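Written out below as structure tokens is the structure these notes cover.
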Amino acid sequence: MAMTNYIDEKRITAMVTAVKWERIFLYIDVTLTYQTPEERNGEFCFYAVDAMYYAQAKFKVVSRTGDTFRLKLNITNNGENACVPSGEYRLIVCRDDCQMADCETDTAIVGSMSEFSRNFLYSDQSRSYTVTFYVEEDADTLPFRFYILAAGQTAMAFPVKTHLRDKVHLINAVKSTWGSRKNILRTMYSFFRSLYAGKRKNTILFMSEQNKAIASNLKAVSERMRERGMDKDYRLLFSARSAAAESQSLKSWIELIQKMAQSGIIFIDDHAPLLDWLKLGGDTKLIQLWHAGAGFKSSGYSRWGHMGCPGTTSCHRQYDFGIAGSKHIAPFFSEVWGINDEQVLATGMPRMDEFLREDYRQKKTEELYKKYPVIKDKKVMLFAPTYRGRGKRFARYPYELIDFKGLYEACGSEYVVLFKMHPWVSSKVPVPKQFQDKFLDVGKYPNINDLFYITDLLVTDYSSNIFEYSLMRRPMMFFAYDKIQYSFSRGFHRDYEESAPGKVCYTFAEFLDAFRRKDFEFEKVEEYVKRHFDFIDSGASDRVIDWLVLGKLPEDVRAGLERVKEENARRRALDFLPEGCKRTELGVLKEGETL
């Protein structure tokens, strides 16, 4: 659709007055001035238009103060679950189907343009997605421009002959071999898909590449389907491997690829690395039943540019849907996965259905009092932080920071302490023998949620275990000794102090002092519950099944998805090509120009 162009008439002029970043979100302030008061009327839209005069992204207007608009763009998601493409961009202001202004640059920020630029490293820092701001040269004004480039490492020296014993050459050889295996597995997937063409509709795969057993949300949904008798109409397949941390046999790979090729729906509840490089067929839906409710730490695209972040394409990009506890926190998940907010459905967490059943709670409480008699007639502090280190193989916790003697004395005759470390931390808690009458390492207990029933005070840091525990309506404390380092290496997708539903302490001495004084800031818990739960019931598994398996989406969800589809289609159809210009394979030619 050709856009009527009023830019040269200067009915409206647009000035970029500020540029700032918040993680992957680009914010730009644009101030409009009008030739006549009537030009102020109407709804304004702002597009990132490339050198071929196509709109590759639409900015969201997040606020308006007078004639200044604050714009927001997620550079990892242009509305179609993909990064804004490489290219040169101008910022065009539109009203209805008319181009009104090409944004210029305020002289106050011209000297700072290079400071606004960002480099986002990914693929083990071997690739970079760069966003560079500048002012177009050879113009009478100061046209605002930015350039995006997805680039890889380049050679820094002349090539020399290498030997297999050379470390770099060996690494490249290994990578090449694994690349060949990936191609073989892709071919196998295509072959198996052709065998099962037209037979995938009622086959569902519950799949984990992080654990050797189907657990958490996957277990809850599959068991509920069986309880409802749906295994008569649906073929349920299962695959549980620790492939993210351990090598797998060829037989294991073939079995998994064959199951994936048969499936019309694949449920996962964590990152599946093979889907970073294996593209699923169009008639297979991938649904993420993320294992964590809502913590603070960034992951996926919310920590883009940090070590271990995903590439421009990844497993996350393939999600048709994901789930969350509430509509309020759905944007946290869509940011992580690089997908649209509308694709994250507030079903609640299926694994919590059992947790919220009163009969289950009574049963587990009785079992725990029998299993751990030390807690009888005592209040229980559950010390349950997340891990430190890069991934499962290197997970650890700095036990030397715990003042066992001070904690023992602070507990007095009132408290006992259960230590439940993250499952990835293999080393036991070094509880001194003289303190074992009050301190107990329960790391091997399989389900931390069960422990919440007997817990009076949860002590954690950045873990998402606060999500489930908050429904106990009991106090929490946060020992965040490394908040600065953690925020740099992992990042937070929301302000830590404001979001933590309890007292935050940065030294163990500070923690002990607050604990002795019972300074828990307990009032924060109820506010946390209000923001994180749309449903507090045992129906999350049924909602996942009804909405995502049976396709009975709520009308507001369906309308939101349709709206995004229509907006993307409209943006793709817009044509910003100036009158008299034409497109060629080499670029745009103005009237009178020749190659």
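What you see is a predicted model; the values in this text were computed from it and never measured.
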Phe206 and side chain to side chain contact (heavy atoms under 4.5 Å, CB included): which partner among Asn217, Ile266, Val221, Leu237?
Val221

Lys NZ or Arg CZ of Arg90 over Tyr47 ring: under 6.0 Å, within 45°:
no

Between the side chains of Arg224 and Asp542, is the shortest nitrogen-to-carboxylate-oxygen separation below 4.0 Å, so that they form an ion pair?
yes

Stacked cation flag Lys72 on Tyr27, 6.0 angstrom / 45 deg:
no

Under 4.0 Å between a Lys/Arg side-chain N and an Asp/Glu carboxylate O for Asp283 and Arg200?
yes

Asn74 side-chain N/O to Thr76 backbone N/O, donor-acceptor pair under 3.5 Å:
yes

Pairs satisfying salt bridge (charged side-chain N to carboxylate O under 4.0 Å, His left out), at least one member in residues 243-253, at least two apart:
Lys212-Glu246, Lys251-Glu255

Answer yes or no for Arg543 and Phe535: cation-pi contact, defined as NZ/CZ to six-membered ring centre under 6.0 Å and angle to ring axis within 45°.
yes

Salt-bridge test for Glu567 and Arg570: reply yes if a basic N is under 4.0 Å from a carboxylate O, no otherwise.
no

Anything under 30° is parallel, anything over 60° is perpendicular, the rest tilted; go ahead and classify Phe533 against Phe467.
parallel

Considering only NZ, NE, NH1 and NH2 on the basic side and carboxylate oxygens on the acidic side, decide whether Arg388 and Asp461 come within less than 4.0 Å.
yes

Taking the six-membered ring of Trp253, is the NZ or CZ of Arg241 close enough (under 6.0 Å from the centre) and on axis enough (within 45°)?
yes

CZ on Arg317 to CG on Leu275, rounded to 0.5 Å
14.5 Å

Salt bridge or not between Lys327 and Glu342? Use side-chain N to carboxylate O under 4.0 Å.
no

Short side-chain to backbone donor-acceptor contact, Glu209 and Ser242, under 3.5 Å
no

Can you see which heavy atom on Met52 is nearest to which on Arg583, and at what distance?
O-NE, 2.8 Å

Inspect the contact between Arg228 and Asp546 and indicate whether a charged nitrogen and a carboxylate oxygen are less than 4.0 angstrom apart.
yes

